[in-house]
Engineer: 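One structure is given below, represented as structure tokens, and several questions about it will come after.
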Amino acid sequence: MMKRVFAMINCAALFAAFVFPTLAQTNRSGKLDNGPEFVPGEMLIQFKAGTAQAEIDEILERVDAQVSELIRPALSAENDRGDLVLATFSPLVSFEFARREIESKDTVEFVEPNWIYRHQATSDDTYYTNGSLWGMYGDATSRANQYGSQAGEAWAAGKSSCGSVYVGIIDEGYYYDHEDLAANAGTNPGDGTFDGVDNDGNGYVDDVYGWDFAGNDNSVFDGITDDHGTHVAGTIGGVGGNGIGVAGVCWSVKLMNAKFLGRNGGTTANPVKAVDYFTDMKTRHGINMVATSNSWGGGGFSQALSDAIGRANTANILFVAAAGNDSVNCETSSCYPAEYSSANVIAVASITSTGAMSSFSNYGGTTIDIGAPGSGVWSTVPKRASGDVVSGYASYSGTSMATPHVSGAAALYAAYHPGSSAATIKSAIMSAAQTASLSGKVVSGGRLNVSGF
């Protein structure tokens with residue numbers, strides 16, 4: 001087995017468009033012509049089962065490359081797959097040449113860029129009782145809005161607790177000490193103390209609240225720059241009925257974090273590990289992980305990420321994904337990761353408080369599944385006061401804000417229908433969608449209706 005080497009990835013700062021690349025388009029710069037951005041001098045390589053270390057070394061020497069990180073080791077249970085590695089090569093060598101040279105070997109399954117991903121939110125500038133939290137309202141709530149998620153009606157019917165359910169936030173870190181999140185901050189039952197020991201044997205020491213795959217440490221919250229992940233967390237599971245701040249779709253739910261996004265985004269290698277991290281938590285450690293919430297996008301198709309999402313599907317974990325904020329039709333433009341075809345993917349567009357598709361939202365009649373509140377959404381954020389990080393609230397817009405509404409809905413359904421498969425939960429969400437303003441724009445033809453299941 002090759003030695004695991006961890007490396008911090010330096011991401012470029014350009015925004016990533018959602019266009020699938022052709023081989024001829026790629027170049028040395030790490031930017032496609034009018035297309036997605038990737039890390040120059042890096043590539044993901046999937047070797048076939050049984051590939052010896054000596055042969056791996058020989059293949060990499062063809063382009064003067066070396067392994068910088070073992071993303072996923074060969075597993076005996078998967079006799080058709082060898083190591084998935086992140087390799088670096090000279091930026092003087094074009095990606096096309098490096099891929100062509102390496103993929104010519106029979107022991108290589110695929111080679112792909114290390115795509116760069118971005119948050120799917122934009123900031124606009126306190127909540128349920130004052131009329132601000134429209135995304136949680138319903139037709140019959142005391143503050144009514146027929147275009148809200150109807151979560152308020154579900155609460156009124158006694159459905160607000162998801163204490164037996166975990167949701168994995170694959171995003172930035174989140175402020176788990178926030179006044180409206182602390183009670184719902186999930187911890188790893190197999191490694192729930194900071195004792196310097198990998199008690200559950202998953203390869204991550206003291207992953208109490210999750211793991212920071214960008215920084216390769218257990219510090220999933222690193223300050224006020226983790227506002228995006230914290231905002232997502234509040235919509236999924238802000239504590240309800242406590243007389244302060246906001247309420248998430250699930251008033252009590254266990255939130256865990258796999259941080260991979262920083263101020264400059266993140267790259268393919270880390271969400272692959274993040275998805276597998278939560279899959280392992282469920283399959284090997286018995287955590288009731290129902291869904292991951294993925295408010296990010298960019299790059300092109302990644303077989304490595306698609307495979308990881310497929311493994312999550314096998315484990316009955318939903319992958320809830322933001323449609324993206326480029327105002328494009330995903331029938332003709334690529335929208336990853338929302339566009340992956342795995343059955344556990346729920347792709348989410350954004351709607352406004354009037355029920356219309358948000359102007360920035362991507363859409364697609366056969367590719368994007370459902371609409372949810374994403375314009376002017378209030379939720380939790382960390383703020384700084386007198387040098388300290390304190391609890392705050394802010395209004396953001398984006399498909400990033402729509403996505404956690406659906407993640408929370410999945411958790412709520414699972415809590416009141418224990419043992420449900422990912423397919424059953426997705427079907428319930430899709431079937432309950434209220435159809436009106438999104439016909440032809442999303443697969444369900446409608447918007448999230450939490451009270452409908």
Side-chain angles (χ1 to χ4, degrees), residues 15-19 36 116-124 134-136 147-149 167 169-172 227-236 248-249 261 265-266 271 291-299 309 318-331 333-340 345-379 394-410 426 429-430 433 437-438 441-448:
F15 190 81
F18 287 29
V19 179
I116 292 175
Y117 301 121
R118 302 297 185 199
H119 317 74
Q120 293 302 314
T122 56
S123 181
D124 57 24
W134 74 269
M136 299 295 173
Y147 304 114
S149 68
V167 173
I169 302 170
I170 302 178
D171 204 286
E172 291 178 345
D227 58 322
H228 183 270
T230 304
H231 200 281
V232 165
T235 297
I236 299 169
V249 177
L261 289 174
T292 61
S293 196
N294 303 272
S295 290
W296 44 273
I309 295 170
L318 289 165
F319 184 93
V320 188
N325 299 339
D326 296 318
S327 308
V328 301
N329 185 344
C330 297
E331 309 296 295
S333 297
S334 295
C335 305
Y336 291 104
E339 203 174 336
Y340 286 111
V345 174
I346 304 181
V348 187
S350 172
I351 63 170
T352 71
S353 60
T354 65
M357 184 77 70
S358 301
S359 61
F360 52 77
S361 182
N362 292 353
Y363 57 94
T366 65
T367 50
I368 305 303
D369 293 301
I370 197 167
S375 289
V377 174
W378 282 89
S379 188
S395 174
Y396 292 172
S397 295
T399 54
S400 276
M401 287 55 256
T403 300
H405 281 89
V406 178
S407 304
K426 179 176 178 178
I429 291 172
M430 297 288 281
S437 56
L438 303 182
K441 297 289 187 179
V442 295
V443 176
S444 66
R447 59 186 185 274
L448 181 66

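Bear in mind that the values here come from a model prediction, so they are computed numbers and not experimental data.
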Engineer: Between C335 and V328, is there a side-chain heavy-atom distance shorter than 4.5 Å?
Structural biologist: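 Yes; the side chains approach each other to less than 4.5 Å.
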Engineer: Start with the C-alpha distance between S350 and F360, add both sets of side-chain angles, then the distance that settles side-chain contact (heavy atoms from CB on, under 4.5 Å), and finish with yes or no.
Structural biologist: CA-CA 8 Å; S350 172; F360 52 77; 3.5 Å; yes
Engineer: Supply the atom-to-atom distance N294 CG to Y117 OH, rounded to the nearest 0.5 angstrom.
Structural biologist: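 Reported value, rounded in 0.5 Å steps: 10.5 Å.
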Engineer: If you look at every heavy atom in A338 and A321, which pair is closest and at what distance?
Structural biologist: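 So the two residues come closest at CA-CB, 3.8 Å.
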Engineer: Tell me the closest heavy-atom pair linking A347 and I368, and the distance in Å.
Structural biologist: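 Shortest heavy-atom separation between A347 and I368 comes out as O-CG2, 3.6 Å.
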Engineer: Take S327 and S359 through the test side-chain contact (heavy atoms from CB on, under 4.5 Å) and record every step on the way to the result.
Structural biologist: CA-CA 6 Å; S327 308; S359 61; 5.5 Å; no
Engineer: Start with the C-alpha distance between V377 and H231, add both sets of side-chain angles, then the distance that settles side-chain contact (heavy atoms from CB on, under 4.5 Å), and finish with yes or no.
Structural biologist: CA-CA 9 Å; V377 174; H231 200 281; 4.1 Å; yes
Engineer: List the atom of M357, the atom of Y363, and the distance in Å for their closest heavy-atom pair.
Structural biologist: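 Answer, listing the atom of M357 first, then Y363: CE-CB, 3.7 Å.
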Engineer: Looking only at heavy atoms, what is the nearest atom pair of S361 and T399, with distance?
Structural biologist: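 Looking at all heavy atoms of both residues, the shortest contact is OG-CG2, 3.6 Å.
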Engineer: Can you measure from OG1 (T403) to CD1 (I370) and round to the nearest 0.5 angstrom?
Structural biologist: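 Rounded to the nearest 0.5 Å, the OG1-CD1 separation comes out at 11.5 Å.
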Engineer: T230: which residues meet the side chain to side chain donor-acceptor pair (under 3.5 Å) condition with it, sequence neighbours left out?
Structural biologist: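 Side chain to side chain donor-acceptor pair (under 3.5 Å) check on T230 returns nothing, list empty.
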Engineer: Do you know which two heavy atoms are closest between W378 and S395, and how far apart they sit?
Structural biologist: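 Distance-wise, the nearest heavy atoms are CE2-CB, 3.5 Å.
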Engineer: Would you call I429 and L448 a side-chain contact if the rule is heavy atoms closer than 4.5 Å?
Structural biologist: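 Side chain of I429 against side chain of L448, heavy atoms only: contact under 4.5 Å found.
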Engineer: What residues form a side chain to side chain contact (heavy atoms under 4.5 Å, CB included) with T367, not counting sequence neighbours?
Structural biologist: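 T367: side chain to side chain contact (heavy atoms under 4.5 Å, CB included) contacts with C330, E331, E339.
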Engineer: Given 3.5 Å as the limit, does a donor-acceptor pair link the side chain of D326 with the main chain of G324, or not?
Structural biologist: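 No, because the side chain of D326 does not come within donor-acceptor range (under 3.5 Å) of the backbone of G324.
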Engineer: Would you please name every residue forming a salt bridge (charged side-chain N to carboxylate O under 4.0 Å, His left out) with D369, sequence neighbours left out?
Structural biologist: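 Testing D369 for salt bridge (charged side-chain N to carboxylate O under 4.0 Å, His left out), a comparison that skips the adjacent residues, returns none.
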Engineer: When you measure from the side chain of S379 to the backbone of T235, do you find a donor-acceptor pair of N or O atoms at a distance under 3.5 Å?
Structural biologist: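 Yes: the side chain of S379 pairs with the backbone of T235.
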Engineer: Can you tell me how far OG of S358 sits from CD1 of I351, rounded to the nearest 0.5 angstrom?
Structural biologist: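 The CD1 atom of I351 sits 7.5 Å away from the OG atom of S358.
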Engineer: If I take atom CG from residue D171 and atom OG1 from residue T292, how far apart are they, to the nearest 0.5 angstrom?
Structural biologist: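 Here the rounded value is 11.0 Å.
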Engineer: Any chance you could measure S407, atom OG, to L318, atom CG, to the nearest 0.5 Å?
Structural biologist: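 So the gap between those two atoms works out to 8.5 Å.
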Engineer: List the steps and the verdict of side-chain contact (heavy atoms from CB on, under 4.5 Å) for H228 and S295.
Structural biologist: CA-CA 9 Å; H228 183 270; S295 290; 3.8 Å; yes
Engineer: Do V320 and V348 come within less than 4.5 Å of each other through their side chains, counting heavy atoms only?
Structural biologist: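 Yes; the side chains approach each other to less than 4.5 Å.
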Engineer: Going by the angle between their ring planes, with limits at 30° and 60°, are F319 and W296 parallel, tilted or perpendicular?
Structural biologist: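 Answer is perpendicular, since the angle exceeds 60°.
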Engineer: State, to 0.1 Å, how close A322 and S400 come at their nearest heavy-atom pair, and which atoms those are.
Structural biologist: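 Distance-wise, the nearest heavy atoms are CB-N, 4.2 Å.
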